[in-house]
Each structure stands twice: as structure tokens, then as C-alpha cells.
Amino acid sequence: MKKLTMLLIVFSMFMTVACSPKMIKGTNIEETPDSKEILTVFGYYIKGFKEQNPEIFLEYISKDYYDTNGTDEAVDDIDYDKLIEILNSDMYHSLEKVSITPIIKDLFFNDAEDKAELIYFYEVRFKMKSSIPTTEENAFIQPDGMTNQKVSDNNKMKFVKEDGKWKIVSGL
């Protein structure tokens, strides 16, 4: 009887493991073609951001891109054209030593509408030219006139499926 009970326990454990969905390594996100594609698009965004080369990820941005920047004020809203303007600006390209560390938290799908939301935390570090002259009172400004910057926050990147491909529609 003990052998039969032990065999049933081992069999039930095997079935539990065998039936559980495969997860993307390092996440709690089920590995599906859609989740893999979205994380690939996200990877292109991260690579292009680090290299300050938006050409790497521009093809993955929807022409319907629109972001309110989390406010009700229209003055800081960004549509596709404004995003392109920012990505081509001297200010964007003047950043130096850009690094970004993302931590993916979750991915939600709305299959009925072919939409998805990627929730992640990020930390961005970069150097930028200071507009304040270097003096002893401004000791945080380095001799090269640059200041170290760090930005970190949680973010939600929204995706929509267009012509069978996942595109970023908000959240850069």
C-alpha cells in the first residue's frame, strides 16, 4: 500500500510539472509566440535606447503612437510626429554614456482587441552637458562640464497588433 501511495504522489507531481505552461526565463510570463515577439520588440527598444540609435526600434513603433506622459495636460502629450522630433533632437543625441537597466514585471494581453501591456521597472543613467558653469560652489559638475544623471521609475509600455506584428503604441 505504501508503494502505491508513493507512486501516486510521484505521478501527481509529475503531472503537475508536465502540465504547467512554459515560462520565459527570468519572468513569470508564459512563453507564447506573442509574448516572445513583444519581448523581442522591447529588446530592440532597449538596444536602440542604449546606443542612442532610434533606427533600431522605429519600425516597431505604431504610427498611432500617443502618450499623455501620465498627466491630463495636453501640453506634454507626445504623438508619433513629436516622438520622431524628440528622437532626432540635439538634446537626445547630446546624452553620453547612456545605460538602461530594465526589470520586466508582467505582461498582460487583451486578446479581443489585439492589445498588450508590458509592466517594467527601469533605471537610466547618463551624462549630460550642464548649463551651469563649473565653479567650486557647483562641485557636482565634473571638470568636463558634464553631470551624472539617474532616472528610475515603473513604466507601462502598451502594444497593439498591426498587420500581424506587435507595435509600441504608448509608453516610451
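Just so it is clear, the values below take in all heavy atoms, side chains as well, and ignore hydrogens, waters and symmetry mates.
Of all the heavy atoms in Val98 and Leu95, the pair that sits closest is CG2-CB, 3.8 Å. Of all heavy-atom pairs spanning Val41 and Phe159, the tightest one is CG1-CE2, 3.8 Å. Taking each heavy atom of His93 and Pro54 in turn, the nearest pair found is CE1-CD, 4.4 Å. For the residue pair Thr68 and Asp76, the shortest heavy atom distance occurs at O-OD1, 3.5 Å. The nearest pair of heavy atoms linking Lys82 to Asp77 is CG-O, 4.5 Å. Pro102 and Ile46 get closest at one heavy-atom pair: CG-CD1, 4.0 Å.
With values rounded to the nearest 0.5 angstrom, Met128 atom CE is found 10.5 Å from Glu96 atom CD. Note that CG of Leu39 and CG of Leu107 are 6.0 Å apart. Values are rounded to the nearest 0.5 Å. The NZ atom of Lys167 sits 13.5 Å away from the CD1 atom of Ile38 when rounded to the nearest 0.5 Å. Expressed to the nearest 0.5 Å, how far CZ of Phe108 lies from CG of Leu118 amounts to 10.0 Å. Note that CG of Asp67 is 3.5 Å distant from OG of Ser170, once rounded to the nearest 0.5 Å. Annotation: the span from Glu73 atom CD to Asn69 atom CG amounts to 10.5 Å, rounded to 0.5 Å.
Here the side chain of Glu37 pairs a donor or acceptor atom with the backbone of Trp166 at under 3.5 angstrom. Under a 3.5 Å cut-off, the side chain of Tyr65 and the backbone N or O of Gly171 do form a donor-acceptor pair. Formation of a donor-acceptor pair under 3.5 Å by the Asp106 side chain with backbone atoms of Ile119 is not found in this model. Here the side chain of Ser62 pairs no donor or acceptor atom with the backbone of Ile168 at under 3.5 angstrom.
Grouped with Ile103 in one hydrophobic cluster are Phe121, the linkage being side-chain heavy-atom contacts under 4.5 Å among Ile, Leu, Val, Met, Phe, Trp and Tyr residues.
Within the 4.5 Å cutoff, the side chain of Phe126 has heavy atoms near those of the Val151 side chain. Using a 4.5 Å heavy-atom threshold, the side chains of Glu31 and Lys36 count as touching. Counting heavy atoms from C-beta outward, Tyr66 and Ile78 have side chains that stay 4.5 Å or more apart. Put simply, the side chain of Phe109 does not reach to within 4.5 Å of the side chain of Asp114, judged on heavy atoms. The closest side-chain heavy-atom distance from Ile61 to Leu172 is below 4.5 Å. Contact check for Leu87 versus Glu85: no side-chain heavy atoms found under the 4.5 Å cut-off.
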Walk me through whether Tyr122 and Asp153 qualify under side-chain contact (heavy atoms from CB on, under 4.5 Å). CA-CA 6 Å; Tyr122 67 90; Asp153 203 356; 3.6 Å; yes
Given Lys150 and Val124, is the side-chain contact (heavy atoms from CB on, under 4.5 Å) satisfied, shown in steps? CA-CA 6 Å; Lys150 180 177 96 169; Val124 177; over 6 Å; no
Yes or no on ring pair (Phe, Tyr, Trp, His ring centres under 6.0 Å) for Phe42 and Tyr120, after CA distance, side-chain angles and deciding distance? CA-CA 10 Å; Phe42 184 70; Tyr120 66 101; 4.8 Å; yes
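Phe57 pairs in a ring-ring contact (aromatic ring centres under 6.0 Å, His included) with only one of the listed residues (Tyr45, Tyr44, Phe49), which is Tyr45. For the salt bridge (charged side-chain N to carboxylate O under 4.0 Å, His left out) criterion with Asp34, the lone passing option out of Lys161, Lys115, Lys165 is Lys161.
Pairs engaging residues 50-61 under the side-chain hydrogen bond (donor to acceptor under 3.5 Å, both in side chains) rule: Lys47-Glu51 [sequence neighbours left out].
In this model, a donor atom of one side chain and an acceptor atom of the other lie less than 3.5 Å apart for Thr147 and Gln149.
A 6.0 Å sphere centred on CG of Asn154 holds more than 12 heavy atoms belonging to other residues, nucleotides or ligands.
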